Amino acid sequence: MGDRQGDLANSFELPSYLRTDAAIFYKQGRLRTALNFKNLLDIEYFENADSSARVNPGEPFTVVGTVGFEF
């Protein structure tokens, strides 16, 4: 994500960031399992803002696991 304005009045700017995500999955027959890794390098970044006093940070490193079965 590149540099961008933080509000509609263009009164401040949010810095750019590069977030790395990855996924791995395994499927056998009707069973599927997956692991999703979000923000793999655990960078600190600002996702969006409501105003210069309310800037929302992005999520830290997160792992999400799923299991699915097709009927």
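As the structure is a prediction and not an experimental result, all values here were calculated from the model. For this chain, numbers begin at 1 and follow the sequence in order.
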Quick one: hydrophobic cluster around Y26, which other residues, with the 4.5 Å side-chain cut-off, linked directly or via members?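 Its cluster mates, by chain and number: none.
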
Apply side-chain contact (heavy atoms from CB on, under 4.5 Å) to residues T20 and I43 and explain how you reach the verdict. CA-CA 9 Å; T20 305; I43 63 163; over 6 Å; no

Qualifying ring-ring contact (aromatic ring centres under 6.0 Å, His included) pairs, either residue in residues 38-71, two or more places apart: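 Output for this query lists Y17-Y45, F69-F71.
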
Using every non-hydrogen atom in the two residues, find where E47 and G58 come nearest and quote the distance to one decimal.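 Taking every non-hydrogen atom into account, OE1-CA, 3.8 Å.
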
Are the side chains of [X] and [Y] in touch, meaning some heavy atoms are under 4.5 Å apart?
| X | Y | result |
| --- | --- | --- |
| E13 | R4 | no |
| N56 | D50 | yes |
| F37 | I24 | yes |

Does any N or O in the side chain of N36 come within less than 3.5 Å of the main-chain N or O of A23, such that one atom is a donor and the other an acceptor?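 No, the answer is negative, given that no donor and acceptor are paired below the 3.5 Å cut-off.
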
Value rounded to 0.5 Å, distance of OG1 in T33 from CD in Q28: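 With rounding to 0.5 Å, OG1 (T33) is 10.0 Å from CD (Q28).
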
Can you tell me how far apart CG (N10) and CD (Q5) are? Round to the nearest 0.5 Å.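 That separation rounds to 4.0 Å.
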
Would you say CZ of F12 has more than 12 non-hydrogen atoms from neighbouring residues, nucleotides or ligands within 6.0 angstrom?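 Buried by this count: over 12 neighbours within 6.0 Å.
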
Restricting to side-chain contact (heavy atoms from CB on, under 4.5 Å), what partner residues turn up for E59, sequence neighbours left out?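 If we apply the side-chain contact (heavy atoms from CB on, under 4.5 Å) test to E59, skipping adjacent residues, the hits are T62.
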
